[in-house]
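Below: one structure, written as structure tokens.
In each ligand, atom 1 is the first atom listed, and ligand 1 is the first ligand listed.
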Amino acid sequence: MRVAILSDAHANLDALQAVFADITQQKIERTVFLGDAVGYGSEPNACVELVAKVCDTTLLGNHDSAALGWESPTNFNELARSSILWTRDALTANCRATLAGFGMQDKLENIFLTHASPRAPHLWEYVLTIDDATEQFEHFDEPVMFIGHSHIPAVFRQDEDGVVSHRVVTEARFDDGRRYIVNVGSIGQPRDQDPRACYVTFDTDTRLLRYHRVAYDVSRAQERIAMAGLPRALAERLAVGR
Ligand code: ZN
């Protein structure tokens, strides 16, 4: 089965539409969203509606949870916090209900899926280093899992002897006997210095992973952020992918 896996749209409708248009060019049988439909960007309602309409699996992120008022954004930095407060006001009752139906984790064949970390999906831990990944491999049984959250594409591989390595790739074929944690990057706010929207496709039969980068109209997204009265820094970072 060919699956598209995407994460962290962050209310960036221009990026999200470009990614969905790109996905229709691939032969995809299942589309998975790993969370953070909202936060930072100016189009939370349209993004929640589109994700819910297009994706077969929809998971919740930390910004979604904070926007629903399920947790306070006290751990968020100033920019994230102000955009969450803005998002709480902006979300319609319908979209709140839709978002509240997004799950915390899921399984697809023998792939594990969650927004942040397998150990405790609700704690929103980051998996950034080999040490982080080595710990997290202990907390799921499947050979492959996909996460988002850091907005930084990465493949962590655990060999049969338990040794974990970290790679940034555009394509990889997964081996039997090894295990993988894949960070799919971010649609709406990439942070790896490449401003193009990022998502992956994975073929569960051939075990081929592919990263896709999609250029979109960044200046349009920036204008929308300015018009919404959100902090200018949230628009500026989109141009540099940070
Ligand atoms: Zn995020």
**OP:** For Q136 and E125, test the side chains for any donor-to-acceptor distance below 3.5 angstrom and give the result as yes or no.
**Re:** yes

Original post:
Residues two or more places apart in sequence or in another chain: which of them pass ring-ring contact (aromatic ring centres under 6.0 Å, His included) with F20?
Top reply: none

**OP:** Evaluate the ring planes of W124 and H115, with Trp represented by its six-membered ring, and classify them as parallel (under 30°), tilted (30 to 60°) or perpendicular (over 60°).
**Re:** perpendicular

Original post:
Within a radius of less than 6.0 Å around CZ of R220, do more than 12 heavy atoms belonging to other residues, nucleotides or ligands occur?
Top reply: no

Original post:
Can a donor-acceptor pair be found between the side chains of D22 and T24 at a distance below 3.5 Å?
Top reply: no

Subject >> Tally, protein N/O/S atoms nearer to the Zn ion (ligand 1) than 2.8 Å >> reply: 4

Subject >> Between S65 and E71, a side-chain donor and acceptor under 3.5 Å >> reply: yes

